[in-house]
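Single-structure report; data block below.
Positions are given from 1 along the sequence.
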Amino acid sequence: TGIRVITTGRDTGIDIWPTIARSTFHVRWPAGDEGEVREYTLSGELVLQSETGRHGNLDLDVSMLSPGMYVVQALIEQKNIARRIVIQPN
């Protein structure tokens with residue numbers, strides 16, 4: 001069925017970068033908030049999930065995933081943001 005990429009709200013305070021990665025991507029959010037980060041294939045299969053904690057940033061190793069396009073979703077407190085990222089071959 002696929003995933004529709006949306007951002008809820010104008011300024012969530014959540015950043016996901018880079019949009020093109022080989023081994024790691026980063027998520028930053030307001031310190032003190034917590035939630036989880038998920039990564040999906042474009043067909044909607046969950047391939048990575050991580051709790052965020054309250055420290056305000058997370059580095060995710062994606063080197064074990066196949067090259068291609070994915071959707072990263074960050075659900076932090078009541079905020080929800082999703083971004084497309086591309087994983088390139090190492």
Side-chain angles (χ1 to χ4, degrees):
T1 60
I3 295 176
R4 197 173 101 210
V5 178
I6 60 166
T7 301
T8 303
R10 290 179 182 251
D11 183 16
T12 62
I14 303 169
D15 294 318
I16 300 171
W17 80 96
T19 56
I20 300 174
R22 292 187 190 281
S23 61
T24 305
F25 73 90
H26 315 281
V27 182
R28 182 177 53 204
W29 62 93
D33 291 351
E34 65 182 346
E36 65 182 5
V37 175
R38 301 173 185 163
E39 187 167 351
Y40 297 91
T41 64
L42 291 183
S43 62
E45 176 187 356
L46 179 65
V47 293
L48 186 71
Q49 184 171 0
S50 182
E51 299 295 319
T52 63
R54 294 186 175 273
H55 52 327
N57 64 46
L58 182 66
D59 297 330
L60 289 175
D61 179 6
V62 295
S63 61
M64 73 299 222
L65 298 175
S66 299
M69 189 174 291
Y70 293 83
V71 174
V72 177
Q73 179 184 32
L75 302 119
I76 311 293
E77 299 292 331
Q78 300 299 316
K79 302 167 195 154
N80 179 6
I81 187 170
R83 295 280 189 260
R84 287 189 194 128
I85 67 162
V86 175
I87 298 175
Q88 294 183 330
N90 286 328

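The aromatic rings of His26 and Trp17 sit tilted, their planes meeting at an angle between 30° and 60°.
Considering CD of Glu39 and CG of Leu46, their distance stands at 9.0 Å, rounded to 0.5 Å. Expressed to the nearest 0.5 Å, how far OG1 of Thr19 lies from CD1 of Ile85 amounts to 8.5 Å. Rounded to the nearest 0.5 angstrom, Ile76 CD1 and Glu34 CD are separated by 9.0 Å. Interatomic distance, Thr52 OG1 to Leu75 CG, rounded to the nearest 0.5 Å: 9.5 Å. Once rounded to the nearest 0.5 Å, the distance linking CD1 of Ile16 with CG of Leu58 reads 10.5 Å. Summarising the geometry, atom CD belonging to Gln49 is positioned 5.0 Å from atom CZ belonging to Arg38; distances are rounded to the nearest 0.5 Å.
The two atoms that bring Val37 and Leu60 nearest to each other are CG1-CD1, 3.6 Å, heavy atoms only. The shortest non-hydrogen separation linking Asp61 to Ser23 is OD1-O, 3.1 Å.
Taking 4.5 Å as the limit, some side-chain heavy atom of Tyr70 sits within range of a side-chain heavy atom of Thr41. In this structure, Pro30 and Lys79 have side chains that are in contact, with non-hydrogen atoms separated by less than 4.5 Å.
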